[in-house]
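Following: one structure in structure tokens, then a few remarks.
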Amino acid sequence: QVQLVESGGGLVQAGGSLRLSCAASGRTSDTFVMGWFRQAPGEEREFVAAIRWIGGGTYYTNSVKGRFIISRDNAKKTAYLQMNNLKPEDTAVYYCAVFRGTGLSLVRNDYNYWGRGTQVTVSP
């Protein structure tokens with residue numbers, strides 16, 4: 001089992017920044033991919049970004065390219081999502097998730113383990 005705990009959410013004005021963290025524990029492996037997803041009220045959970053734990057390759061959904069940066073600290077087994085120039089449409093619960101593999105995926109069902117999420121609210 002892998003446990004994931006997100007933190008760093010909160011309320012911010014449009015144009016502001018937040019940094020989310022996702023700490024992994026349990027039966028982690030170097031050969032995994034960590035992703036961030038988000039879910040707004042009444043919407044489907046959507047892919048935001050992913051990072052390969054070894055090699056650090058990344059992938060972003062178009063709506064956050066140039067504003068969000070995903071990174072990881074291997075020693076701490078923690079991934080980060082730096083969110084800049086936030087917009088009201090970024091308001092959602094943000095989840096981190098992992099699966100064992102090396103190919104970056106934006107498909108929700110590829111991910112086996114999920115955190116409980118952290119709320120991000122961006123006011124106009």
Side-chain angles (χ1 to χ4, degrees):
Q1 293 292 326
V2 176
Q3 292 79 42
L4 303 171
V5 178
E6 304 98 334
S7 61
L11 173 63
V12 64
Q13 288 187 328
S17 298
L18 283 174
R19 188 177 82 154
L20 306 183
S21 299
C22 177
S25 62
R27 299 184 66 179
T28 58
S29 166
D30 286 340
T31 56
F32 66 82
V33 173
M34 181 171 281
W36 285 98
F37 289 75
R38 65 186 180 186
Q39 188 168 18
E43 302 288 334
E44 294 286 323
R45 191 171 299 187
E46 66 172 359
F47 171 81
V48 176
I51 188 165
R52 187 182 293 115
W53 212 250
I54 297 297
T58 59
Y59 186 77
Y60 299 90
T61 192
N62 286 338
S63 62
V64 308
K65 282 181 181 177
R67 300 189 299 124
F68 290 12
I69 301 171
I70 189 171
S71 62
R72 87 275 188 236
D73 183 326
N74 291 32
K76 294 182 178 179
K77 294 185 178 179
T78 299
Y80 305 97
L81 187 68
Q82 177 67 43
M83 306 186 295
N84 301 317
N85 190 22
L86 282 160
K87 304 176 181 180
E89 52 263 43
D90 294 316
T91 295
V93 177
Y94 282 71
Y95 299 88
C96 66
V98 300
F99 72 94
R100 288 194 171 85
T102 56
L104 293 169
S105 173
L106 49 73
V107 178
R108 184 177 65 184
N109 288 345
D110 284 343
Y111 291 80
N112 308 108
Y113 301 99
W114 292 81
R116 293 188 174 185
T118 184
Q119 176 70 46
V120 171
T121 303
V122 185
S123 62

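Since the model is a prediction, treat every value here as computed from it, not as a measurement. Numbers here are sequence positions counted from 1.
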| field | Candidates L81, T78, I70, I51 - the one meeting side chain to side chain contact (heavy atoms under 4.5 Å, CB included) with M34 | value | I51

Find out if a path of hydrophobic residues (ILVMFWY) with successive side-chain heavy-atom gaps under 4.5 Å connects [X] to [Y].
X: F68; Y: V12; value: yes
X: L106; Y: L104; value: yes
X: V98; Y: Y80; value: no
X: V93; Y: Y113; value: no

Nearest atoms (heavy-atom pairs only) where [X] meets [Y]:
X: W36; Y: A79; result: CZ2-O, 4.2 Å
X: S105; Y: D110; result: OG-OD2, 2.6 Å
X: L18; Y: L86; result: N-CD1, 3.9 Å
X: V33; Y: G103; result: CG2-O, 3.7 Å
X: A40; Y: A92; result: N-CB, 3.8 Å

| field | Within-4.5 Å side-chain heavy-atom neighbours: I69 and Y60 | value | yes

| query | Any side-chain heavy atom of V120 sitting closer than 4.5 Å to one from L20? | reply | yes

| message | Is it the case that the ring center of F37 lies less than 6.0 angstrom away from the ring center of W114? | response | yes

| message | Test: ring pair (Phe, Tyr, Trp, His ring centres under 6.0 Å). Region: residues 84-110. Which pairs qualify, not counting sequence neighbours? | response | F99-Y111

| note | side chain to side chain donor-acceptor pair (under 3.5 Å) pairs touching residues 13-24, sequence neighbours excluded, are S17-N84

Test item: [X] side-chain N/O and [Y] main-chain N/O as donor-acceptor pair under 3.5 Å:
X: R45; Y: Q39; value: no
X: T91; Y: V122; value: yes
X: E6; Y: T118; value: no

| field | CD (E44) with more than 12 external heavy atoms under 6.0 Å | value | no

How far does [atom1] of [X] sit from [atom2] of [Y], to the nearest 0.5 angstrom?
X: S63; Y: F47; atom1: OG; atom2: CZ; answer: 10.0 Å
X: I54; Y: T102; atom1: CD1; atom2: OG1; answer: 10.5 Å
X: R38; Y: M83; atom1: CZ; atom2: CE; answer: 9.0 Å

| task | Under the salt bridge (Lys or Arg N to Asp or Glu O under 4.0 Å) rule, collect the residues that match up with R67, sequence neighbours excluded. | result | D90

